[in-house]
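Okay, structure first, notes after.
The residues of the chain are indexed from 1 along the displayed sequence. Atoms within a ligand are numbered from 1 in the order they appear, just like the ligands themselves.
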Amino acid sequence: MTASATHLDHLARHVRGPVHLPGTEGYADARSGFQRALTHRPAVVAEALDAADVGAAVRFATVRGLAVAVQATGHGLVAPATGDAMLISTRRMDSVRVDPVARTAWLGAGVRWRRVLDATAAHGLAPLSGSSPGVGAVSYTLGGGLGPLARRYGYAADHVRRVELVTADGEVREVSAEQDPDLFWALRGGGGNFGVVTGLELGLVPVARLYGGGLLFDGAHAAEVLEAYRSWTATVPAELTSSVGMVPVPDAPGVPEPLRGRHLVHVRIAHLGGEAEGEELVASLRAVAPRLRDELGELPYSATPTIYNAASDPHAYVGDNAFVRGLDAAAVRSLVALAGPGAPVPCVVDLRHLGGALRRGGTGGAVGHRDAEFLVRVLSGLDEEVDAATARGAHARVLAALGPATLGRSLNFVYGTVADARTGYDPGDHDRLARLKAVHDRANVFRFNQNIAPATSA
Ligand SMILES: Cc1cc2nc3c(=O)[nH]c(=O)nc-3n(C[C@H](O)[C@H](O)[C@H](O)COP(=O)(O)OP(=O)(O)OC[C@H]3O[C@@H](n4cnc5c(N)ncnc54)[C@H](O)[C@@H]3O)c2cc1C
């Protein structure tokens, strides 16, 4: 289809939110997001205001043979919509409604964690949010959702109560364990493969405060700190969720002087418990090397994004990851050698400790590789010195060093690249997802994502 003013008129009559064609005012802004390495170039962008708008936009698209892409904030863009495609932007659907008695929050499709954290904190409740307040809460949850309470409470996806979904036929459906257990299972881990989620109800946990923050060491101590961290994780309770990062800090204005241009090791702690207990748990890590900064202390849950201090400005980046069943000392040494200070391609490495409640499949969704002990992530910002191919090559070498302990990857944390979706799930689960994809989206209308190909035999 070549989108025309006539098409725009037709769409605008059915969708209350703004619609944009290439070259019209608003198109460039509505299609762009946090990830700047890739750009959506669809035939048309529809900015939905509600589920009815999404339904009308999907019907408009499918009648005309357009595939449909969805974007909330653009943090997780992997497959830009181009040519005969419609982009549905959910950024205006950013409502959050808390039910303090039921301990749930209804999240609009485009809401970011910052707004959810503020709304739930007022009731002494917490969502299973992640490291960055700017990330879209719904897409994060559809891909699993790994945050600072993960070892105590599991994946965010495990706490979804019901989902409002627009399927490829343009119908708005409510999906829950009672109404459609198979599709409900698939949505919680299957990403955006089954339709456009227009909102979901998320269970909240009674957490108002915790003990945590960051410890910063100079990269020269990377080998000792990572090895100490590796052995320390075997000793901590499920109430403690943590990670360690190796971070090359740019020599740029705005970065505080003692950290500027340095390679850092950043230990991040979130412990559900009081200060005295927290201090005791981290004492051995504090003693590993001189600390450049020590930010540990009690904090409100709504301040947990400060534990990570994730990048907040849009930029270009690529990244990959591996779930591993365990890490030995040799693997840690390889990580430091390949991606630590002096690495030929600057890499941010993030080693997240898993286990605890993450292992429980039970009533949880399709999130894969629950037996993993760690998630090893690697990513690089792109600029005139590091292009995507160079960064991907470096990442492949880092992850290859993890060897046979590798189980697969988290599709939520693959940045700027389409991954083989089979690597995101346990094999039986992937086949089940592919059969459900064939039932709900045989034509693969929703293909601009970590795509699960519809099973041909379903
Ligand atoms: C700085 C940063 C920090 C992060 N921290 C964490 C973390 O701590 N834990 C964690 O688990 N993940 C984390 N992530 C990963 C993040 O959860 C995923 O990238 C997620 O997909 C981003 O969602 P978004 O809405 O912000 O991005 P978008 O790019 O808008 O969405 C990503 C994809 O999700 C799909 N999608 C979006 N909205 C819908 C919808 N309403 N219905 C159906 N499909 C939809 C689309 O396929 C879309 O391309 C982080 C990412 C970044 C960049």
Min N/O separation [X] to ligand 1 under 3.5 Å:
X	result
N449	no
A72	yes
A311	no
A109	no
Y317	no
T90	no
L142	no

Out of all atoms in ligand 1, which are within 4.0 Å of some heavy atom of [X]? Include the element for each.
X	answer
S131	3 (C), 4 (C), 5 (N), 6 (C), 7 (C), 8 (O)
Q71	30 (O)
G76	19 (O), 22 (C), 27 (O), 28 (P), 29 (O), 32 (C)
S132	3 (C)
G145	11 (O)

Pair [X], [Y]: side-chain N/O donor-acceptor within cut-off below 3.5 Å:
X	Y	result
S243	Y308	yes
S410	N412	no
H75	Q35	no

Worked verdict on R188 versus L142 for side chain to side chain contact (heavy atoms under 4.5 Å, CB included): CA-CA 5 Å; R188 294 171 302 139; L142 297 178; over 6 Å; no

Side-chain heavy-atom pair V207, L125 within 4.5 angstrom cut-off: no

Heavy-atom side-chain proximity of K437 to N444 below 4.5 angstrom: yes

Give the residue, atom name and distance (to 0.1 Å) of the protein heavy atom nearest [atom].
atom	value
atom 43 (C) of ligand 1	G195 O, 3.3 Å
atom 2 (C) of ligand 1	V135 CG2, 3.9 Å
atom 28 (P) of ligand 1	G74 N, 3.3 Å
atom 53 (C) of ligand 1	H75 CD2, 3.4 Å
atom 42 (N) of ligand 1	V197 N, 2.9 Å
atom 26 (O) of ligand 1	T73 OG1, 2.5 Å
atom 15 (C) of ligand 1	N412 O, 3.4 Å

Would [X] and [Y] pass as an ion pair if we require N to O under 4.0 Å?
X	Y	result
D431	R422	no
R370	D158	yes
E295	R293	yes
D94	R115	yes
D350	R268	yes

Part of R352 within contact of ligand 1 (heavy atoms, under 4.0 Å): side chain

Minimum distance, heavy atoms only, to [atom]: which one of [options] is it?
atom	options	answer
atom 49 (O) of ligand 1	V70, L146, V166	V70
atom 52 (C) of ligand 1	F34, F446, Y415	Y415
atom 12 (N) of ligand 1	F413, W113, Y308	F413
atom 32 (C) of ligand 1	S139, G192, G319	S139

Steps toward side chain to side chain contact (heavy atoms under 4.5 Å, CB included) verdict (F413, L379): CA-CA 9 Å; F413 286 112; L379 67 115; over 6 Å; no

Side chain to side chain donor-acceptor pair (under 3.5 Å) between T417 and R392, worked out: CA-CA 9 Å; T417 313; R392 285 191 193 109; 3.0 Å; yes

Test log, rule side chain to side chain donor-acceptor pair (under 3.5 Å), inputs S89 and Q71: CA-CA 5 Å; S89 167; Q71 177 160 289; over 6 Å; no

Y155 touching ligand 1 at heavy-atom level, < 4.0 angstrom: no

Test item, H315 contacting ligand 1 (heavy atom, 4.0 angstrom): no

Interatomic spacing from CD in Q450 to CG in D420 - rounded to 0.5 Å: 9.5 Å

